[in-house]
Amino acid sequence: MPQLDRLPGTPDFCIKLPRDGGEARGHLLTEFGGNGTYKFLLQAGSTVAAEAWPGLGDHARRFRAELRASEALVDAPAGPDRSQSPPRWAVTRDIECNSSSAAAALVYGYDASGPESWRTAEGHPLADYLSTGWRAPRKAWLVRGSNVSGHNLVRQLWLEEGFVSLAGAHLPPLEEADPTKSALRRFVEEGYEGAASYNQKQGLVDELHAFLTQMRVGDTVATIGDGRLYVGRITGEAVQSASPGGLSNLRRTVAWQADSHAYEELPEEVQQKLSVQHDVVDLTGVLDALDGLTGLTEHADPAAADGTGDHPAAERPVQRELTLPHITGALATDLLVHDRAWLEEMRELLLDEKQMVLYGPPGTGKTYLAMKLAEYFGGGPEQVKIVQFHPSYAYEDFFEGFRPVEDPETREVAFRLTAGPLRELADLASREGNRHIPHFLIIDEINRANLAKVFGELYFLLEYRTRSVRLTYSGDDFALPPNLFVIGTMNTADRSIALVDAAMRRRFAFVELSPRTEPTAGLLARWLKREGRDLEPARLLDALNARMDDADFAIGPSYLMKPGAHRDGGLERTWRTKILPLLEEHHYGEGIDVAARYGLDALREQHP
């Protein structure tokens, strides 16, 4: 068998099988496989899963069968520490695989990503040792330079001399045009030993990799200086040159636009991305917004023909703005709200505040109104997600956290980072093409949970929608999209509104739904009239609430807006089983005869 050469500069990689099932080891080869990636050598002595799962491709199945027939794969002894493990095979000789993914499929028994599955002893993925693969034809980047060791390079150098730069004083001469992340990690570990923390080194590796390898000529680049956004087009490859103090020794030439843009006038989605606290930030998600500001397009000439630096604005599709539809008479009629101005005020509050809480006694239609408004403003139920808070609800349930998840192929359970309803809806709302569409999260019984525990750092984002924060679990820089609205409902009979903390009240607009004020006060009468029913239940409910001393424990009309309340004996049954028990609880220990005071007979005597 001919000698197979290891790819220079790459280490051994391994895959640890679950349930203490052993591990597989291997390394990259210099030769390319049929799919254009480096071949991979699975080393003798490795352990692989014996069972092939349904998701495994036909070619991989044949490959495993051939290796089994040639005794390159033999039964591995169970051993005392593996008595509970699934059956495994031992690799008796080195096996050449077409790619790292083919090797991972051989080891796992199902299709898997080799660049992510194979890891070094330190846990770094094989992907870090490969050159950058496919990327978008044009990307956008933020590079910060207004405070580099106290120097404003944007004003002093970048705009005047036409470049953008990164500091790299402790880096050796870079011989590769597109260094891999593993090579950069080695340079940073050696050059910045004792000069940076492990976290600073990790961030520097990511920024260097983006600047040197992922950026391309033709990409859009932006920077902030003196409160203004400057945008240009990258016109040159990365070069390494000497600079005073090493502040700008990694450079790319840039054709900067003459015009700049005040930060406070930028679109909200751009401000969010600019708030990410890194020296190099991928802005491709807001590339269209940047093009809308500058007139730069994929085919625009970065150097204007007349030498003025001005770029003629290309025709672009009209950017659809985020808005909420105005209230129609049909909606007001459907909701039995006689005053359209009240619903318009709800719309204005949502546009201004983004968050709202509907609060009031039970039965006032808070959840129903929240769902109807969300579906109307969002254009349908597809843009609406509903959750209900309870005392054990936590941040991990609401936003993201590690939860036990079963692998659909191996049936093994492991803790994995899982998105909660808010993260899922935020990701949907921020997807390309959705940013002008309102999305709504309805939080029912919002005051039943420990809100500070549930929201965590999201409390900040509710108030500052143009900012981003570093998330606790994933470490992502996250911002709430401007087209995500939150409507909460709160039953004041469960907990007084006064017990909601000041931080919560500052971030939400609070709208009361009370049986004593419109539009709730006359709702039952309007519904009975529309349904052609007797108005007596409305008069009895008004008389009941007039006798209540505490407005938070008034009874809402929804108890009497159900079909069962209007069948023979239905009113008496609803009153006895739904309404009086609530009042019994309210007056518990007071010695009040609830039936005598609030019963139908007593109310009918007062209002015959």
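Values below: all heavy atoms of this structure, side chains included; hydrogens, waters and symmetry mates excluded.
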Summary of salt bridge (Lys or Arg N to Asp or Glu O under 4.0 Å) pairs that have at least one residue in [range], sequence neighbours excluded:
range            : answer
residues 514-527 : E518-R526
residues 350-361 : none
residues 461-474 : E463-R506, E463-R507, R470-D477
residues 482-492 : none

Q: Fit a plane to each ring of Y473 and F402, take the angle between them on a 0 to 90° scale, and name the class: parallel (under 30°), tilted (30 to 60°) or perpendicular (over 60°).
A: perpendicular
Q: Evaluate the ring planes of H566 and W527, with Trp represented by its six-membered ring, and classify them as parallel (under 30°), tilted (30 to 60°) or perpendicular (over 60°).
A: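 The arrangement is tilted - the two ring planes meet at 30° to 60°.
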Using 0.5 Å steps for rounding, measure from the [atom1] atom of [X] to the [atom2] atom of [Y].
X    : Y    : atom1 : atom2 : result
D339 : I327 : CG    : CD1   : 11.5 Å
Q272 : L266 : CD    : CG    : 12.0 Å
H326 : L331 : NE2   : CG    : 13.5 Å
F478 : L461 : CZ    : CG    : 6.5 Å
T294 : D259 : OG1   : CG    : 10.0 Å
H278 : L142 : NE2   : CG    : 11.0 Å

Q.
Is there a side-chain contact between P515 and T364 in this structure, where contact means two heavy atoms from C-beta onward sitting under 4.5 Å apart?
A.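 Yes; the side chains approach each other to less than 4.5 Å.
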Taking all atoms of both residues into account, what is the closest heavy-atom pair of [X] and [Y], and its distance?
X    : Y    : result
A449 : V454 : CB-CG2, 3.9 Å
A509 : L349 : CB-CD2, 4.1 Å
G145 : T223 : N-OG1, 3.9 Å

Exam field: side chain [X] to backbone [Y], donor-acceptor pair closer than 3.5 Å:
X    : Y    : result
N483 : H439 : no
E400 : S474 : yes
W141 : F211 : no

Q: Assess whether side-chain hydrogen bond (donor to acceptor under 3.5 Å, both in side chains) is satisfied between E512 and T517, documenting all intermediate values.
A: CA-CA 9 Å; E512 183 180 19; T517 59; 5.2 Å; no
Q | Residues in side-chain hydrogen bond (donor to acceptor under 3.5 Å, both in side chains) contact with D542, at least two apart in sequence or another chain | A | none
(Q) Checking L350 against M346 for the side chain to side chain contact (heavy atoms under 4.5 Å, CB included) test, could you report, in this order, the C-alpha distance in whole Å, the side-chain angles of both residues, the deciding distance, and whether it holds? (A) CA-CA 6 Å; L350 284 170; M346 301 275 283; 5.6 Å; no
Q) Taking everything shown except E585 itself, do over 12 heavy atoms lie less than 6.0 Å from its CD? A)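 No, not enclosed.
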Q: Check the surroundings of atom OH in Y464: do more than 12 heavy atoms from other residues, nucleotides or ligands lie under 6.0 Å from it?
A: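 Result for OH/Y464: open.
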Q: Kindly indicate, with the supporting measurements, whether the criterion salt bridge (Lys or Arg N to Asp or Glu O under 4.0 Å) is fulfilled by D593 and R597.
A: CA-CA 6 Å; D593 188 339; R597 182 171 179 176; over 6 Å; no
Taking distance alone, no hydrogens or angles, what donor-acceptor pairs closer than 3.5 Å link side-chain atoms of residues 570-584 to residues at least two apart or in another chain?
{"unit_1": "E572", "atom_1": "OE2", "unit_2": "R604", "atom_2": "NH2", "d": "3.4"}
{"unit_1": "T574", "atom_1": "OG1", "unit_2": "G570", "atom_2": "O", "d": "2.9"}
{"unit_1": "W575", "atom_1": "NE1", "unit_2": "Y598", "atom_2": "O", "d": "2.9"}
{"unit_1": "T577", "atom_1": "OG1", "unit_2": "R573", "atom_2": "O", "d": "2.7"}

Q: Please name the residue in the list F398, Y393, F399, F460 that meets the ring-ring contact (aromatic ring centres under 6.0 Å, His included) test with F455.
A: F398
Q) Charged N to carboxylate O under 4.0 angstrom, D288 versus R435? A)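 Salt bridge absent between D288 and R435.
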Q) Taking it one step at a time, do T220 and R233 satisfy side chain to side chain contact (heavy atoms under 4.5 Å, CB included)? A) CA-CA 5 Å; T220 294; R233 185 66 61 83; 3.8 Å; yes
